[in-house]
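See structure below.
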Amino acid sequence: MPELPEVEIIKKSLKKNVLFKKIDNVLIKNRNLRFKIQRNIKKFLIGKKITNITRRSKYLIVHFEQDCFLIFHFGMSGTLHLIRNKNIHQTNLSFYNSKTLPKKHNHVELFFSNFKLIYNDPRRFGYLKFIFSFNELNFFFNNMGPEPLDSNFNFNYLKKKLKGKKKNIKNLLLDQKFVSGLGNIYVNEILFYSKINPHLKGKKIDDFKIKKIIKYSNEVVEKAIKKGGSTIRDFKNSKGEMGLFQNEFKVYNRENRNCVRKKCSGKIERVIISNRSTFLCKYCQK
DNA sequence: AAGAGGCCCTGATAGC
DNA sequence: TGCTATCAGGGCCTCT
């Protein structure tokens, strides 16, 4: 599901609901995720009070007292569900009420005094990890590139990083060491706005295009957060959960439809780059 | 050493 | 209805 904007939305609504709450109990129903859940994680979590909820890139970070942390990565299909006791339905962005809670693939349940938080992940590409110190946390994120909205993601940084790069710009923007937080949807959109062909090699990106990339990375990500993220396919029946940014897509999922630029007569094409769907207008994106 | 591709997994949907 | 094929918001690992 989530790229940076979606995780940001999850962070915000989680913060409203679970800040300063204490974990009473933990149920591990299935340890098999991308990485196996640590065997003794239950022992570490029980009795801990949540002191903050933050995000780095596509990772959600739950902070506890005494400098320990629980990191969530949602992979392609990971979701969090807040379930109130006694059927009180919470219609809060990015949470599902108990009616829409999937029955299968609930991997972890965290119990609080009057609600529980469930991590569900059918494809198991996500994972969670308990972190024991600030040092370990910093180390974990050490190799990650700046985020699109970070001031370090600037002209000089891109200029330097793109120099001599044979990799195409699409794969570069998907590379979390290059810039972190973007995924397939937002990279497609950013390249369309920037009028850059996804196949263009890094070293061929001139100064003008670098500025475009920065400008539209910022705009697309900011707007997506404002709109509550993108909801494409999961849990169609759920209500009150949907992000709205999918209505703003200019190229993603728009194969064979007309280019939205007024003077352009092109059609959106779908091609494959490194096994991922790539949407572009060949007339606009050079 | 950088870059391309395979692969991990389940579920939804389209086409026959 | 039921089969098969294809596709999906990610990223680690291996091979060249």
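Convention: sequence-line order gives letters A, B, ...; per-chain numbering from 1.
Atom CG in A:L174 sits roughly 10 Å away from atom P in C:dG9 (whole-Å rounding). Rounded to whole angstrom, the span from the CG atom of A:N120 across to the C1' atom of B:dG11 amounts to 12 Å. Summarising the geometry, the separation between NZ on A:K177 and P on C:dC13 is reported as 10 Å, rounded to the nearest angstrom. One atom, CG of A:D121, and another, C1' of C:dG11, lie 13 Å apart when rounded to the nearest Å. Rounded to an integer number of Å, the gap from A:F35 CZ to B:dC8 P is 15 Å. Between the CG atom of A:N184 and the P atom of C:dC7 there is a distance of 13 Å, rounded to whole Å. One can place OH of A:Y186 at 10 Å from P of C:dG10, the figure rounded to the nearest angstrom. What separates CZ of A:F178 from P of B:dA4 is a distance of 14 Å, to the nearest Å.
The side chain of A:S277 lies closest to C:dA8 when the candidates are C:dA8, B:dT10, B:dA4. Listed nucleotides B:dT10, C:dG11, B:dG3 differ in distance to A:H73; the shortest reach to its side chain belongs to C:dG11. In the set B:dA4, C:dA8, B:dG3, the nucleotide with an atom closest to the side chain of A:K165 is B:dG3. Here C:dG9 is the nucleotide among C:dG9, B:dG11, C:dC7 with the atom lying nearest to any side-chain atom of A:I232. Distance from the side chain of A:S274 is smallest to B:dG5 among C:dG9, B:dG5, C:dA8. Closest contact between the side chain of A:F125 and the listed nucleotides B:dC8, C:dG11, C:dG9 involves B:dC8. When distances are taken from the side chain of A:Y252 to each of C:dG9, C:dG10, B:dA4, the shortest belongs to C:dG9.
Nucleotide C:dG9: unpaired (no Watson-Crick or G-U wobble partner with both distances less than 3.5 Å). The pairing partner recorded for B:dC9 is none, the criterion being a Watson-Crick or G-U wobble arrangement whose two distances lie under 3.5 angstrom.
Comparing the P positions of C:dT14 and B:dC9 gives an interatomic distance of 15 Å, to the nearest angstrom. Taking the P atoms as reference points, C:dT6 lies 14 Å from B:dG6, given to the whole Å.
Using a distance-only test at 3.5 Å, with no hydrogens or angles considered, no donor-acceptor pair links the side chain of A:N188 to the main chain of A:V251.
Between A:K167 and A:D175 a salt bridge is recorded (basic side-chain N to carboxylate O distance below 4.0 Å).
For the pair A:R84 and A:F115, the cation-pi test (distance below 6.0 Å, angle within 45°) is passed. A cation-pi arrangement is absent between A:R254 and A:F192, since the terminal nitrogen or guanidinium carbon is not both under 6.0 Å from the aromatic centre and inside a 45° cone about the axis. Judged by a 6.0 Å distance limit and a 45° cone about the ring axis, A:K129 is not positioned over the six-membered ring of A:F140.
The base of B:dC9 is not paired with the side chain of A:R124 by any donor and acceptor separated by under 3.5 Å. Side chain A:R34 to base C:dG10: a donor-acceptor pair is found below 3.5 Å.
Here A:N275 lies in heavy-atom contact (under 4.0 Å) with a base.
Contact annotation: A:Q176 does not reach the phosphate of C:dG10 (side-chain N/O to OP1 or OP2, under 4.0 Å). Considering only side-chain N and O atoms, A:H105 lies nowhere under 4.0 angstrom from the phosphate OP1 or OP2 of B:dC9. Distances shorter than 4.0 Å separate none of the side-chain N or O atoms of A:R276 from OP1 or OP2 on B:dG5. Look at A:K201 and you won't find any side-chain N or O under 4.0 angstrom from OP1 or OP2 of B:dG3. Of the side-chain N and O atoms in A:K58, one or more sit less than 4.0 angstrom from OP1 or OP2 of C:dG11.
Contact of the A:L162 side chain with the A:I169 side chain is registered, since non-hydrogen atoms from C-beta on lie closer than 4.5 Å.
Remark: A:K160 NZ is loosely packed, at most 12 non-hydrogen atoms of other residues, nucleotides or ligands lying under 6.0 Å away.
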